[in-house]
Each structure stands twice: as structure tokens, then as C-alpha cells.
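Scope of the values below: all heavy atoms of this structure, side chains included, with no hydrogens, waters or symmetry mates. Chain naming here is simple, since letters A, B, ... match the order of the sequence lines and numbering starts at 1 in each.
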Amino acid sequence: MTADLLTHAGARAGARDVTAVDSVDVAHVVRARRRPARRVRLVVATLAVVALAAVLVRVLLGDYVVALTDLLPILRGETLPDVPGASFIVMEAKLPRALLGLLAGLAFGASGAMFQTTLRNPLASPDIIGISLGASAAAVIALTFLDAQGLWLPAAALVGAVAVCLIMYAVGRGATFAGQRMVLVGIGVAALLSSVIQLVMTRTSIQDAQAALVWLTGSLARATWPVIGLLSVATVVLAPLLAACARWMRLAELGDDLSTTLGAPAGRARLGLVVAVALAAVATSATGPIAFVAFLAGPTARRLCGGRPSLWAAALVGAVVVVLSDFAGDYLIPDVNLPVGVVTGALGAPLMLAVVVTAGRAGKA
Amino acid sequence: MTSSTLARSTADGVAVRARGLTLSYDGRRVVDHLDLDVPAGRITVVVGPNGCGKSTLLRGLSRLLRPTEGSVHLASDGARDDVWSLRPREFARRVALLPQSPPVPEGISVVDLVGRGRHPHHTLVRRWSGADDEAVARAMRATGTLELAERPVDELSGGQRQRVWIALTLAQETDVVLLDEPTTYLDLAHQVDVLDLLRGLNRSRGTTVVMVLHDLNLAARYADHVVALRDGRLVGSGAPADLVDEEFVAQVFGLGSRVIADPVTGSPLVVPTSTHHQSGPAP
Ligand SMILES: Nc1ncnc2c1ncn2[C@@H]1O[C@H](COP(=O)(O)OP(=O)(O)OP(=O)(O)O)[C@@H](O)[C@H]1O
Ligand SMILES: [Mg+2]
């Protein structure tokens with residue numbers, strides 16, 4: 001017998017009765033399964049607390065400090081006799097910005113992680129593969145050539161983002177290596193859209209160019225309650241859908257063949273991408289593209305969770321980064337208000353290097 | 001013990017039946033009107049030269065590629081089901097496929113990866129349960145991967161990793177398991193390891209195993225039934241002792257050889273005589 005000739009430890013594995021199950025083994029499996037899950041839960045809970053703290057910091061601190069004890073009365077709509085301006089500043093400036101940052105950050109973070117995990121490619125994030133640029137280009141075109149204003153601008157941005165998605169979906173449909181193709185086509189589309197934007201900007205008036213800038217860098221300056229309302233509704237509708245698609249995403253990680261033979265055809269995981277696209281598109285239409293957030297939230301969350309991707313953690317990382325970057329952009333340099341996209345862009349480059357370097361070290365194989 | 005004495009009586013039935021199976025990529029025919037009966041509860045090994053369509057055949061049997069002509073049926077308890085009439089999840093509870101080299105999700109632990117094999121047994125309302133833990137424990141015990149449970153898969157050796165992939169397919173708990181070259185990248189000891197494991201599974205659980213192997217000698221040693229392809233056509237099938245001889249090797253691989261009895265198992269052992277491929281099938 002070959003198995004006996006070879007002194008290989010595992011060689012006798014095949015001789016065991018494979019129908020029996022040992023309760024010790026089951027306990028071992030349960031333990032091994034739960035430990036990392038517990039870490040992910042801990043990270044998500046911690047991030048949720050940090051995100052809430054970031055919102056509080058954004059609302060209370062800065063040029064105009066509001067006392068924590070004053071916040072609740074202000075939210076209840078009471079007027080405070082000793083700080084008359086506080087209510088207006090919180091309700092019309094600070095709170096909307098914080099909430100818009102929170103919602104947009106959640107949306108960018110979750111959609112980026114969904115893309116990267118499903119397509120098994122760290123480059124596959126909405127800001128790299130042209131979805132954000134689709135929104136920018138459409139908004140800039142609407143602004144310059146159609147004189148669009150108000151809510152028509154986010155609407156145009158939404159159309160632009162969705163149009164890019166449709167192109168990518170058409171390219172990926174039914175093809176082998178669909179994921180790779182979608183990413184490559186997306187990068188090409190992104191390059192094309194950049195030059196379209198450049199072209200439009202050369203044709204535009206100074207005033208329009210100033211307004212268009214918002215759609216190129218990403219900013220929370222247009223935070224108004226109607227925009228926040230729309231974005232909250234979209235998030236509340238899309239988040240559970242995204243969570244439902246997450247289990248297909250976990251199978252998509254195994255490659256198209258294996259996920260199909262496990263009962264989840266590759267097209268189904270791409271359904272999750274549609275939801276992710278919708279999230280990114282809605283968020284971009286409210287804030288413009290905020291550089292690097294969708295791209296980096298996933299890998300950062302993954303590092304925190306001990307190597308495994310978690311949509312919730314990625315969403316919360318996105319929220320924390322956007323809210324705090326907006327805060328920093330407002331107050332870091334005196335008398336200069338940097339849009340949030342400029343701050344995340346400046347932070348993002350070194351952070352990206354850090355992610356690449358540590359990832360290279362972790363994956364020594 | 002030799003594989004021929006282990007083989008069961010020929011009375012048991014057919015697990016998978018292909019008739020006139022034709023598979024194409026972009027209109028190019030790769031598998032051509034193939035008739036195939038996979039005996040239930042046996043080990044079938046598919047052999048043939050590179051590019052002859054072995055992987056494509058497995059893709060056709062496992063619903064990854066829709067036939068341009070012909071059909072594939074699954075048989076159990078007398079009933080026959082066209083594989084394309086089953087819902088994906090239903091099919092996944094009956095047939096498992098291990099592709100040639102599936103991508104390893106980044107940072108995934110062994111137990112987590114094996115657990116993915118339970119997906120076909122879940123529904124929107126019925127998620128993970130104790131039965132899943134038991135199936136995973138069984139699969140990991142059978143493959144000797146329990147000790148690795150918490151290790152990240154990307155840190156394992158090629159042999160350990162292959163056992164983990166097999167554990168995933170076992171956790172799926174199907175009657176039919178298809179494996180595409182489960183022994184590539186493995187040293188000889190690990191090859192024997194994996195094949196012993198599959199044979200143990202087949203003998204104790206009665207699982208029908210279909211696998212592609214490149215090593216004709218290992219194929220002859222472990223197969224109950226050998227299926228030989230060349231240019232997408234069936235050129236022979238049967239028990240290795242009846243099928244594998246010098247003429248067979250020349251016909252399938254275009255290779256001159258001597259075939260002797262394996263001193264350990266008695267199965268046919270192919271010793272190539274010429275170092276050059278002959279140009280086409282021998283007369
Ligand atoms: N996705 C694909 N698209 C187009 N052609 C393909 C595809 N996959 C395989 N082929 C072609 O089909 C033929 C059979 O390929 P297949 O992978 O089935 O061969 P194989 O017998 O498994 O070979 P090997 O021993 O090298 O694994 C080859 O000519 C190959 O080029
Ligand atoms: Mg192959």
C-alpha cells in the first residue's frame with residue numbers, strides 16, 4: 001500500500017471514515033469561525049462610536065464653539081437667549097455639513113468595498129473606474145451648456161454616473177473575465193471623461209468655472225436639508241439591499257466558476273454592483289467626487305478587521321474620513337476653506353502608499 | 001489491494017450521462033458530439049493531451065458552459081434530470097466542481113473558506129446552522145485540515161491549500177464531485193495524499209468522483225474507469241487494466257511506450273520509449 005510506504009502525515013487521511021462527525025471537531029470549527037467574526041464586530045462597533053464622535057466634533061468645535069449641553073435644546077428647536085446665533089449656525093451650517101459628510105462617506109466607503117471585493121481588484125472603485133467622473137462631467141456640461149441650477153445639477157450628475165455604469169455593465173455582460181474587462185474599460189472611460197471636462201472648462205465663463213469646480217473636487221458646501229433628505233432616503237433603501245448582496249459578494253471572491261457551481265451565478269454578484277453604483281452615484285450627485293474615499297475605505301477597513309473585508313467597517317471608515325477631512329479643510333489653515341475633496345486627495349496619496357507597502361509586506365507569498 | 005479488486009460490481013448505475021455533448025467557445029467546437037456515462041459511486045479519470053478539451057468537458061458537465069448541442073443528465077433513484085432544468089442551488093447540492101486553480105480570497109481563513117461550500121444549503125431565511133458546522137468539521141477532518149482551521153489560506157503551502165479546496169468541495173456534500181487536475185503543483189507524496197483522500201471518500205461515502213489527471217500512471221492506479229479524449233472526441237473508455245496499453249498511449253498521446261504491470265498495485269504502468277512525439281495517432 002502506497003499510503004503505508006510513505007511516511008507522510010496526511011497520507012492516511014483518506015483511510016478515515018468520512019461520514020462520522022466528532023463533537024470535539026465541531027467545537028473546534030465553531031471556535032475558529034467565531035473568533036475573527038468577533039473581531040470584525042468589535043471593529044465595526046468602535047468605528048460607529050468614532051463616526052458619531054467625528055460628527056459631534058464637526059458640529060460643536062471650530063471657529064464657533066457650541067457647548068454640548070446646548071446641542072439638545074438646539075436640536076429640539078428651542079432658542080437660547082444667551083447664544084442667539086448658535087441655533088442658526090448649527091441648524092443651517094454645521095449640522096447639515098456633518099450629516100452630509102456622514103451619509104456620503106458611508107455611501108462611498110460601502111460602494112468602493114463592494115466593487116473591490118466583487119471584482120477582486122483593488123483598482124475597481126467608483127472613483128477610479130469613471131463613475132465619479134461621469135457625474136462630474138455631466139454636471140459640468142449641464143452647468144455650462146444648459147445653465148442648469150439647483151437640484152437639476154445633482155440630477156444631471158446622477159444621470160452621468162448611471163450612464164457610465166450602463167456602459168460598464170454592457171461591456172461586462174456575459175463575457176469571460178468580465179471583472180477585468182469592466183475595470184479596464186472603466187479606466188479608459190475615466191481618462192476620456194477627464195479630457196471632456198477639460199474641454200468643457202475651456203469653453204466656460206469664469207463664473208461657471210467657479211461653480212463647476214465644486215463638481216470636480218467634491219465639497220460639502222452645498223449641504224442643504226432637501227439634499228440630505230434625499231440622500232438619507234437613498235441610503236436607507238439601498239443599505240439593506242447591499243447587505244443582502246454581500247453574501248453573493250463573498251462567493252464572487254472565489255471566482256466566477258466556483259461561485260457559479262456553488263449556486264450563485266456570477267451575474268448575481270454583479271447585481272450587488274448595481275446597488276453599489278446607485279449608492280456611489282447618489283452620493284456623488286450630492287457632494288461631487290470626494291477623492292480616494294471609496295478607493296481607500298475598503299483596504300483600510302480590511303486592515304483593521306484582520307484581513308477580511310467588511311462592508312460595514314468600510315462604510316464607517318468612509319464616514320469618519322469625510323467628516324474629519326471636511327473639518328480639517330475648514331480650520332486647518334486659517335482663513336482658507338479647503339473643499340473636503342482637496343483634503344482627502346492630499347491625505348489619500350500617502351495613505352495609498354502606506355496601504356500598498358503594508359499589503360506587500362503582509363502578502364509575502 | 002489493487003484498484004481492480006476494490007472496484008465494485010458493474011451492476012450499479014450511471015450518475016451523469018452526456019449524449020451528443022458539443023461544447024464551443026465563440027463558435028469554435030472544443031468538445032464534439034461526446035457520449036459519456038459516468039458510473040455512479042466510482043472514480044472516473046479523464047485523460048488526454050493538453051488542450052484536448054478535458055477542462056471544457058468538466059465545465060459542460062457542471063453547467064458552466066451551455067452545450068451547443070446534446071445534453072447532460074444527472075441520475076439518482078431512477079429519476080433523470082437535465083442539468084439545465086435544475087435551479088442553480090439545487091444543482092449545487094448534487095454536483096460539486098473544483099476548478100483548476102481558483103483564486104484565494106485575500107486574508108480568508110481556512111475554516112471560512114471551507115464554510116463557503118455550504119452556500120447551496122442556505123436560503124434567504126435559513127442561514128448558517130449547526131448542521132453546517134458539522135459538515136465543515138467532517139470535511140476538514142477527512143482532509144486533515146482541522147489543525148489549519150484559523151490559518152489564512154494565502155499562507156499555506158500548495159499541498160495544504162489543495163486539501164483545503166477539496167475540503168470546500170466536500171463540505172458541499174454532493175453525490176458527485178468533479179475535480180480539474182487536483183494534483184497539479186503537488187509533489188509526488190502530496191499527489192498520492194490527495195488521491196488517497198479522494199479514494200477514501202469514494203469508498204466510505206460512495207461519492208462519485210470525476211477528475212482530470214495528467215499522470216497516466218496515477219490515473220491507471222486510482223481510476224475505476226478511464227475516459228480518454230483527443231481533439232474533443234472520445235477515443236476510449238473502460239477499466240484501466242483493459243484500456244491502457246501501448247496502442248492506447250500511442251493513439252491518445254502519440255507517444256511510443258512500453259506498458260508493464262506496476263510492481264506495487266499491478267495496475268498498468270506506462271514507460272515512454274521515445275522522447276519525441278510521433279506526428280499523430282499510430283496506425
Ligand atoms: N475560455 C475559453 N475561451 C476560448 N477558448 C478556450 C477557452 N478555454 C479553453 N479554450 C480552448 O479550448 C480548447 C480546450 O481547452 P481545455 O482547457 O478544455 O483543454 P484541457 O484538455 O483541459 O487542456 P490542459 O491539459 O492544458 O488543461 C483549447 O484549444 C483552448 O484553447
Ligand atoms: Mg485543463
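- Contact of the A/Val29 side chain with the B/Met140 side chain is registered, since non-hydrogen atoms from C-beta on lie closer than 4.5 Å.
- Side-chain contact between B/Leu64 and A/Thr261 is present, with at least one heavy-atom pair separated by less than 4.5 Å.
- Within the 3.5 Å criterion, the main-chain N or O of A/Leu251 finds no donor-acceptor partner in the side chain of B/His119.
- Proximity to chain A (any heavy atom under 4.5 Å) is restricted, for B/Arg127, to the side chain, taken from C-beta onward.
- If you take CG on B/Leu168 and CG on A/Leu262, they are separated by 6.0 Å, rounding to the nearest 0.5 Å.
- Only the backbone of B/Val95 comes within contact range of chain A, with heavy atoms under 4.5 Å apart.
- Here CZ of B/Arg116 is found 12.0 Å from CZ of A/Arg247. Values are rounded to the nearest 0.5 Å.
- Using a 4.5 Å cut-off between heavy atoms, A/Arg35 touches chain B through its side chain atoms alone.
- Between A/Arg308 and B/Glu106, the shortest heavy-atom contact is NH1-O, 2.8 Å.
- Interface residue B/Gln172: only side-chain heavy atoms are found under 4.5 Å from chain A.
- Nearest heavy-atom pair, B/Ala149 versus A/Ala32, reported as atom, atom and distance to 0.1 Å: CB-CB, 3.7 Å.
- The environment of B/Arg126 atom CZ is dense: over 12 non-hydrogen atoms of other residues, nucleotides or ligands sit within 6.0 angstrom.
- For the set A/Arg120, A/Glu253, A/Arg31, the count of heavy-atom pairs under 4.5 angstrom toward chain B peaks at A/Glu253.
- Taken to the nearest 0.5 Å, the CG atom of A/Asp22 stands 11.0 Å off from the CD atom of B/Glu134.
- In this structure, the portion of B/Leu113 lying under 4.5 Å from any heavy atom of chain A is its side chain and not its backbone.
- Under the 4.5 Å side-chain criterion, counting only non-hydrogen atoms from C-beta, A/Leu254 is not in contact with B/Pro103.
- B/Asp112 has no carboxylate O lying under 4.0 Å from a charged side-chain N of A/Arg33, or vice versa, which leaves the two without a salt bridge.
- Taking the charged nitrogens against the carboxylate oxygens, A/Asp257 and B/Arg59 do have a contact shorter than 4.0 Å, which makes a salt bridge.
- Distance check, rounded to the nearest 0.5 Å: OG1 of A/Thr260 to CG of B/Leu65 gives 11.5 Å.
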